Amino acid sequence: VAVVTALVSLYGKCGSVEEAWTLFDTSTTHDVILYNAMIAALSENGCTEDAVRLLHLLQMKGMVPDKMTFVSVLDACGGHEAIVEGKKVHVFITSLKIQSDSVVGNALLTMYAKCGALKEVQEVFDTFSTRDVTTWNAMVIVLEQSEELNKAVQHFESMQTEGLVPDKFTFASLFSVYGSKEALKEGIRMHARIVGSVFNEDVVVLNSLINMYGKCGSIADARNAFSKISNPDAVSWNALIVAFARCGRGEEALLLYQSRHGENAELDIVTLTTILSAFASESALAEGFLLHLCIVDIEWQLDISVGNALVYMYGKCGSLEDARHVFERMETHD
RNA sequence: CUAAGUGUUGUUUUA
């Protein structure tokens with residue numbers, strides 16, 4: 001069973017739900033842990049209904065779901081339509097007296113956040129007896145996503161008042177608050193608070209800072225943050241390229257992009273869509289077009305998100321002809 | 001001599 005469970009988990013992480021199911025079905029033993037692994041695999045791949053169904057099956061077979069079961073099921077219920085199921089599970093959890101577990105509580109909170117149920121999020125947070133750093137981090141992100149930037153910063157301060165120590169995730173999320181030229185000073189001030197600490201050497205934190213400075217229009221600070229990274233990862237390079245593009249340094253962005261592209265296909269798409277949107281102003285038409293040539297060259301105009309970004313860019317640049325041209329060349333539209 | 005499997009938050013993303 002142990003081996004089967006590990007494999008189910010592995011398949012889940014690779015997106016092979018079918019294979020996971022096969023293993024699950026053909027297993028001779030079915031204990032809670034195997035169920036948990038299967039439920040986790042399902043929720044990771046967006047199979048909400050199956051995940052909930054397995055929870056019920058597990059109970060019908062006389063087994064008792066544990067904390068991990070609920071966390072995975074809650075994870076699966078992260079979507080506007082799944083909130084009904086999520087609430088049922090919530091009630092169930094409350095009746096079992098395990099709502100005080102911090103991991104379960106955090107899963108509850110983020111479930112509601114993904115459902116867009118901000119009121120419930122706040123409720124969970126307020127009635128949560130075992131809030132930890134993860135809880136606060138999640139809350140900061142929720143506030144950011146609902147554009148409550150001041151509240152996000154307030155939360156960051158409050159968590160320290162409550163005696164919790166911010167971690168690198170806290171800072172990485174926090175810096176996303178500062179995303180405009182007007183916010184540069186505030187951003188710098190916040191950055192100053194980690195200067196000299198280990199956070200100012202952490203890739204994740206520094207990546208976030210590159211992004212922040214790029215959005216605030218300070219390419220010098222962005223480069224400086226990049227230079228502090230001992231081992232830049234794909235995200236670091238990506239953030240730097242995008243920072244150049246946002247600061248009106250299209251050529252440098254392009255050059256960097258060309259030297260990097262192909263290293264990580266998924267990130268390449270992110271880079272392109274972001275650069276194109278940054279180029280979506282008339283003055284940048286030339287650079288946008290130049291970039292377009294590179295894309296056509298590598299046959300990436302087929303990708304939907306890149307295509308959409310191209311259409312958007314040409315539209316914004318007032319070149320409807322080109323926008324239409326791209327649109328017609330795309331294989332699929334959404 | 002010893003063992004094994006499952007879970008929540010995070011940095012780059014266009015509309």
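Note that the coordinates shown come from a computational prediction; the quantities given were computed from them, not determined experimentally. First the proteins, then the strands, lettered A, B, ... as listed; each starts at 1.
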Name the closest nucleotide to the [X] side chain, picking from [options].
X      : options               : value
A/V204 : B/rU12, B/rU9, B/rU11 : B/rU11
A/T273 : B/rU9, B/rU14, B/rU6  : B/rU14
A/D75  : B/rU6, B/rU14, B/rU9  : B/rU9
A/S176 : B/rU12, B/rG7, B/rU9  : B/rU12
A/S173 : B/rG10, B/rG5, B/rU9  : B/rG10
A/I141 : B/rG7, B/rU9, B/rU13  : B/rU9
A/V235 : B/rU8, B/rU12, B/rU9  : B/rU12
A/M68  : B/rG10, B/rG7, B/rU13 : B/rG7
A/N211 : B/rG7, B/rG10, B/rU11 : B/rU11
A/V242 : B/rG5, B/rU13, B/rU8  : B/rU13

Using a cut-off of strictly less than 4.0 Å, decide whether [X] has a side-chain nitrogen or oxygen near OP1 or OP2 of [N].
X      : N      : value
A/K13  : B/rG7  : yes
A/R131 : B/rU9  : no
A/N238 : B/rU11 : no

[X] [atom1] to [N] [atom2]: how many Å, rounded?
X      : N      : atom1 : atom2 : value
A/L34  : B/rG7  : CG    : P     : 13 Å
A/D31  : B/rA4  : CG    : P     : 14 Å
A/N200 : B/rU11 : CG    : P     : 18 Å
A/E144 : B/rU9  : CD    : P     : 16 Å
A/D202 : B/rU12 : CG    : P     : 13 Å
A/I39  : B/rU8  : CD1   : P     : 13 Å
A/L209 : B/rU11 : CG    : C1'   : 10 Å
A/F175 : B/rU12 : CZ    : P     : 12 Å

Could you check whether atom [atom1] of [X] has more than 12 heavy atoms from other residues, nucleotides or ligands sitting under 6.0 Å from it?
X      : atom1 : answer
A/Y11  : OH    : no
A/E81  : CD    : no
A/E157 : CD    : yes
A/R223 : CZ    : no

For residues [X] and [Y], is any side-chain donor paired with an opposing acceptor at under 3.5 Å?
X      : Y      : value
A/K13  : A/S9   : yes
A/S180 : A/E182 : yes
A/D233 : A/S236 : yes

Do NZ/NE/NH1/NH2 and the carboxylate oxygens of A/E49 and A/R53 come within less than 4.0 Å?
->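 Salt bridge between A/E49 and A/R53, a charged N being under 4.0 Å from a carboxylate O: yes.
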Canonical and wobble pairing (Watson-Crick, G-U, under 3.5 Å) of RNA chain B, dot-bracket with | = ...............
Under 4.0 angstrom, heavy atoms only, what part of the nucleic acid is [X] near: base, sugar-phosphate, or nothing?
X      : result
A/V1   : base
A/S208 : sugar-phosphate
A/A138 : sugar-phosphate

Over all atoms of both residues, closest heavy-atom pair of A/V8 and A/A41 | O-CB, 4.1 Å
